[in-house]
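Shown next, in structure tokens, is the structure this report addresses.
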Amino acid sequence: MYMTIIVSFLKGSKMKTFAISISLLSLFFVVCFVSDTPGQCTPYLGQPAPTAFVKRFSAAGFIANQQWFWHGTPVFSPDGQEMYFVKYFTDDSGTEIWFTKCENGQWSVAQKAPFSIKSLDYFDNNPFFCGSNDTLYFHSRRNNGFIQYVVRSGNGWSSPQTLNVPVPANLRAGLQFCISGNKTVYYEIDSDTSSGWETNIYSSKYENGHYSEPVNLGPGVNSDSTEILGYIDPQERFLIFASKRPGSLGYHDLYLSIRNSDNTWRNAVSLGLKVNGAFEDISPVITPDGNYFFYQTWKTGDLGYNPYWVSSKFVFDLVTDLHGETETVPNSFTLGQNYPNPFNPTTTIAYQLHEQAHVQLSIANALGETLYEVVNEIKPAGTYEYTFDADNLPTGVYFYQLIAGESRAVRKMILLR
């Protein structure tokens, strides 16, 4: 009954009696408001967002156990309404791609992706979105290729197709890859050396409808040890990968390399003690909104590999320090969820602009009446935060709206005293 009333109200109902009674609802009221807007889900499976400190991504039902553990990190669709991940099963060492998606404002129970097959011959893993919700790439050994992709078809996906990326005949492709905004594929190639197989990172450009022959990224990235992908910045400004080169703290540590203007790569630097430790640290990724850094590790108390996450600010700060200029211009217009939420009496609202625009940030009540216009000015591209103080407002639900040029976004926040 309560949920029906809430959804109806948010869709435009003018039931003022409900708005008046908001302050009387307590814990049940908070539980009911789990999504930002009708039909959307609370971001990141409802997990409290991390700040400067690493913590485990501990969504119920998604924690490594005796039957399976994570092979990689969560992969969120660009619109944030789907999450794909890989289960590594301990009984037979097989892998499958699984997913959960937003349905009627709730995250669905995780299920196997219909296109994924658990087979040691295929070893499906490493799902990857590249700027669009409509195409999902993944690694597989099927169909004489190492990168497969599926395209949305109705409410599901097409059959897997091969992305024809070349691998020299005397070499073999590794398990991980990533794709930049201009479709350049970064991938691992294994070489048979006198001391065994050695894995380095290569890239292949998409030119005239085909992928070029792979190019070794050079000594700035590759070493005599194994390198594992990895995350490529959509604009190819930097690359993050794992390596077990001399000086690493664990079996693999995470490193970052900056791309020079001549397309060479600078000597990689460690991401430091924030994420690297005595355990194996691998599978780095920055979320599509640019806000969070995920990686995979196995810490004391875990039953297997789990994803851990932290604010991505430390990565962009490192890039800025290494490059000597600001590298934090976002790739898209984004309005983040306020933090904390619920709040009392202050909360922080973060937003990103991918280009200069006239910005209006306003606060409205549950009736849609504007209470405050907190920002009204032209701002250059960048990331911004505004701390809102609701000291003079009663308990209730409020909305904040961001307008930047022709872009507009609205989110909900809850003041709970």
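Bear in mind that the values here come from a model prediction, so they are computed numbers and not experimental data. Atoms considered below: every heavy atom in the structure, side chains included; atoms not considered: hydrogens, waters and symmetry mates.
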Report yes or no: do [X] and [Y] form a side-chain donor-acceptor pair below 3.5 Å?
| X | Y | value |
| --- | --- | --- |
| His358 | Asn376 | yes |
| Asn260 | Thr264 | yes |
| Asp281 | Thr297 | yes |
| Asp289 | Gln352 | no |
| Asn392 | Tyr372 | no |
| Glu236 | Tyr186 | yes |
| Ser58 | Gln47 | no |
| Gln81 | Ser77 | no |
| Glu188 | Thr199 | no |
| Ser270 | Asn276 | yes |

Among Thr347, Thr346, Thr387, the one residue meeting side-chain hydrogen bond (donor to acceptor under 3.5 Å, both in side chains) with Asn338: Thr347
Using the ring of each side chain (for Trp, its six-membered ring), is Phe294 parallel, tilted or perpendicular to Phe57, with breaks at 30° and 60°? perpendicular
Indicate, with yes or no, if the rings of [X] and [Y] have centres closer together than 6.0 Å.
| X | Y | value |
| --- | --- | --- |
| Phe69 | Phe89 | no |
| Phe138 | Phe128 | no |
| His71 | Phe123 | yes |
| Tyr292 | Tyr44 | yes |
| Phe62 | Phe85 | yes |

Indicate yes or no: does [X] engage [Y] in a salt bridge with an N to O separation below 4.0 Å.
| X | Y | result |
| --- | --- | --- |
| Lys118 | Asp92 | yes |
| Arg141 | Asp124 | no |
| Asp233 | Arg259 | no |

Above 12 or not: heavy atoms from other molecules or residues under 6.0 Å from CZ of Arg408? no
Verify side-chain hydrogen bond (donor to acceptor under 3.5 Å, both in side chains) between Glu227 and Ser243, making sure each step is shown before the conclusion. CA-CA 5 Å; Glu227 277 72 47; Ser243 178; 2.9 Å; yes
Quick one: does any side-chain atom of [X] pair with a main-chain N or O of [Y] as donor and acceptor, under 3.5 Å?
| X | Y | value |
| --- | --- | --- |
| Ser312 | Ile286 | no |
| Ser108 | Lys101 | yes |
| Ser116 | Glu96 | no |

My understanding is that only residues two or more places apart in sequence, or in another chain, count here; which of them pass side chain to side chain donor-acceptor pair (under 3.5 Å) with Trp68? none
Listed by chain and number, what are the side chain to side chain donor-acceptor pair (under 3.5 Å) partners of Tyr305, not counting sequence neighbours? Glu280
Have a look at Phe293 and tell me which of Phe316, Trp309, Phe314 forms a ring pair (Phe, Tyr, Trp, His ring centres under 6.0 Å) with it. Phe314
Test side chain to side chain contact (heavy atoms under 4.5 Å, CB included) on Phe241 and Val221 and set out the steps. CA-CA 9 Å; Phe241 61 96; Val221 171; 3.8 Å; yes
Test log, rule side chain to side chain contact (heavy atoms under 4.5 Å, CB included), inputs Tyr351 and Val359: CA-CA 10 Å; Tyr351 61 94; Val359 176; 4.1 Å; yes
